[in-house]
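Take a look at the structure set out below.
As a basis for the values below, the full set of heavy atoms in this structure was taken, side chains included, without hydrogen atoms, waters or symmetry mates. In each ligand, atom 1 is the first atom listed, and ligand 1 is the first ligand listed.
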Amino acid sequence: MAYEVIIFETEGPLAVVTVNRPKALNALSPQVMDELTDAFDKISTDENIRAAVITGAGRAFVAGADISAMQTYTPLQARGFAKKGHKLGEKIENCPKPVIAAVNGFCLGGGCELAMCCDFIYASEGAKFGQPEINLGIVPGFGGTQRLPRLVGKGWAKLLCMTGEMIGAQEAAAIGLVTRVFPEGEVLEAAKKTALLMCGKGMVSLRAAKQLVEQGFDLPLQRALDLEAEVFCTCFTSPDQREGMSAFLEKRKADFKGGLDK
Ligand SMILES: C/C=C/C(=O)SCCNC(=O)CCNC(=O)[C@H](O)C(C)(C)COP(=O)(O)OP(=O)(O)OC[C@H]1O[C@@H](n2cnc3c(N)ncnc32)[C@H](O)[C@@H]1OP(=O)(O)O
């Protein structure tokens, strides 16, 4: 697919995806969502890509779903749009590689929902977060009412979804929505640095760690622990386990190759 409203770049093992509609504060039109879905298909399947960063061009990460596209939706079209958002979110959440949101500026509505599907959110000091859908007479539809309480608890989720209030990056970090805050202009480089750090880890264990946190989170603890034991033992079928432990004992840096034993 040729991209018109996102930019897809690779830097070695890293994919950098930029939502690129700065005049509309990178609002998520159906086209942006189709292009992002295609990009994350590529990131998931391309063996040369080991991690991804998603960001926005200009003064926003993403200021929400495109209100001009949604304005005339019928209820049925609105359902289809929500499902499109869910599909994109699941693609990112289930991506076998790490994905970091590098948030500059506004991160609202569908933008906040998109960021929450990433493994973690890095934000610049001036970033603003919120679920302002209530001001439009709707509710969040790309997962916000469900992922937000899982991340920040029910009270904050209700406050954000029921008032439409925006909060700054520091407050978003204090409630657990944002993982780290950086001085203005530094967030993208910081996200790339962390993504590259993860590119140097064993891909089997990296994928397993992501899968366990994602899948275990919504399971009863005993089932989640059973899942952890299963995935933990799978790591011992990878040459990376032997390499990682040998490297530690031989006091050298591990050289992970990825893959499972044949
Ligand atoms: C399932 C998901 C649902 C949703 O996500 S619903 C949408 C939730 N998001 C919002 O409600 C945020 C809407 N945007 C705003 O409230 C404001 O923008 C900001 C506070 C983010 C920024 O305000 P300011 O600095 O004054 O900029 P500006 O002139 O309002 O925006 C610049 C251009 O960007 C367009 N734009 C901003 N957000 C959206 C959007 N979400 N959908 C469509 N267009 C958007 C505007 O209209 C305008 O465009 P022009 O220059 O042509 O007038």
Under 4.5 Å between side-chain heavy atoms, hopping through other hydrophobics if needed: is there a path connecting V181 to L188? no
Measuring only between side-chain heavy atoms, which start at C-beta, is L114 closer than 4.5 Å to F61? yes
Tell me whether atom 37 (C) of ligand 1 lies less than 4.0 Å from at least one protein heavy-atom position. yes
Kindly state if atom 53 (O) of ligand 1 has a protein heavy atom within a strict 4.0 Å cut-off, that is, under 4.0 Å? no
Pairs of nitrogen or oxygen atoms closer than 3.5 Å, one from F142 and one from ligand 1: do any exist? no
Is M70 reachable from V19 through a run of I, L, V, M, F, W or Y residues, each pair having side-chain heavy atoms under 4.5 Å apart? yes
Give me the residue, atom name and distance of the protein heavy atom closest to atom 26 (O) of ligand 1. R59 NH2, 4.8 Å
Could you work out, for atom 9 (N) of ligand 1, the closest of G141, A63, G130, G105 by heavy-atom distance? A63
Taking the side chain from Q131 and the backbone from P140, do they hold a donor-acceptor pair closer than 3.5 Å? no
Lys/Arg-Asp/Glu bridge criterion (N-O < 4.0 Å) met for D34, K84: yes
Subset of ligand 1 atoms that lie under 4.0 Å from at least one heavy atom of A27: 40 (C), 42 (N), 43 (C)
Should L88 and I6 be regarded as members of a common hydrophobic cluster, given that ILVMFWY residues are connected when their side-chain heavy atoms come within less than 4.5 Å of each other, either directly or indirectly? yes
Considering only the protein, which heavy-atom contact is closest to atom 11 (O) of ligand 1, and what is its distance? P132 CG, 3.6 Å
Using heavy atoms and a 4.0 Å limit, tell me yes or no: is P140 in contact with ligand 1? no
Do R252 and E243 meet the salt-bridge criterion of a basic N to acidic O distance under 4.0 Å? yes
Under 4.0 angstrom from atom 15 (C) of ligand 1, is there any protein heavy atom? no
Should you measure from each heavy atom of M70, which atoms of ligand 1 turn up under 4.0 Å away? 6 (S)
If Ile, Leu, Val, Met, Phe, Trp and Tyr residues are connected whenever their side-chain heavy atoms lie under 4.5 Å apart, and connections chain through other members, are V62 and Y3 in the same group? yes
Taking only non-hydrogen atoms of G110 and a 4.0 Å limit, the atoms of ligand 1 in range are 4 (C), 5 (O)
Inspect the contact between K257 and D255 and indicate whether a charged nitrogen and a carboxylate oxygen are less than 4.0 angstrom apart. yes
Out of curiosity, is G85 lining ligand 1, as in a heavy atom under 4.0 Å away? no
Looking at T145 and G141, would you say the former's side chain and the latter's main chain have a donor-acceptor pair under 3.5 Å? no
Side chain, backbone, both or neither: L136 near ligand 1, heavy atoms under 4.0 Å: side chain
the protein heavy atom lying closest to atom 31 (O) of ligand 1 turns out to be L25 CD1, 3.6 Å
Look up atom 18 (O) of ligand 1 and tell me if a protein heavy atom lies less than 4.0 Å from it? yes
For atom 48 (C) of ligand 1, grab the closest protein heavy atom and report residue, atom and distance to one decimal in Å. K23 O, 4.3 Å
Any L212 side-chain heavy atom under 4.5 Å of L227 side chain: yes
In one Ile/Leu/Val/Met/Phe/Trp/Tyr side-chain cluster, 4.5 Å: V16, I54: no
Can you tell which part of A65 has a heavy atom less than 4.0 Å from ligand 1: side chain, backbone, both or neither? both
Determine, counting only non-hydrogen atoms of the protein, whether one lies under 4.0 angstrom from atom 50 (P) of ligand 1. no
Using heavy-atom distances only, which candidate in I138, V62, I67, L108 approaches atom 21 (C) of ligand 1 most closely? L108
Atom 35 (C) of ligand 1 sits nearest the protein heavy atom A24 CA, 3.9 Å
Could you measure the distance from the CD atom of E171 to the CZ atom of F129? Nearest 0.5 Å is fine. 11.5 Å
Can you check whether a protein heavy atom sits less than 4.0 angstrom from atom 46 (C) of ligand 1? no
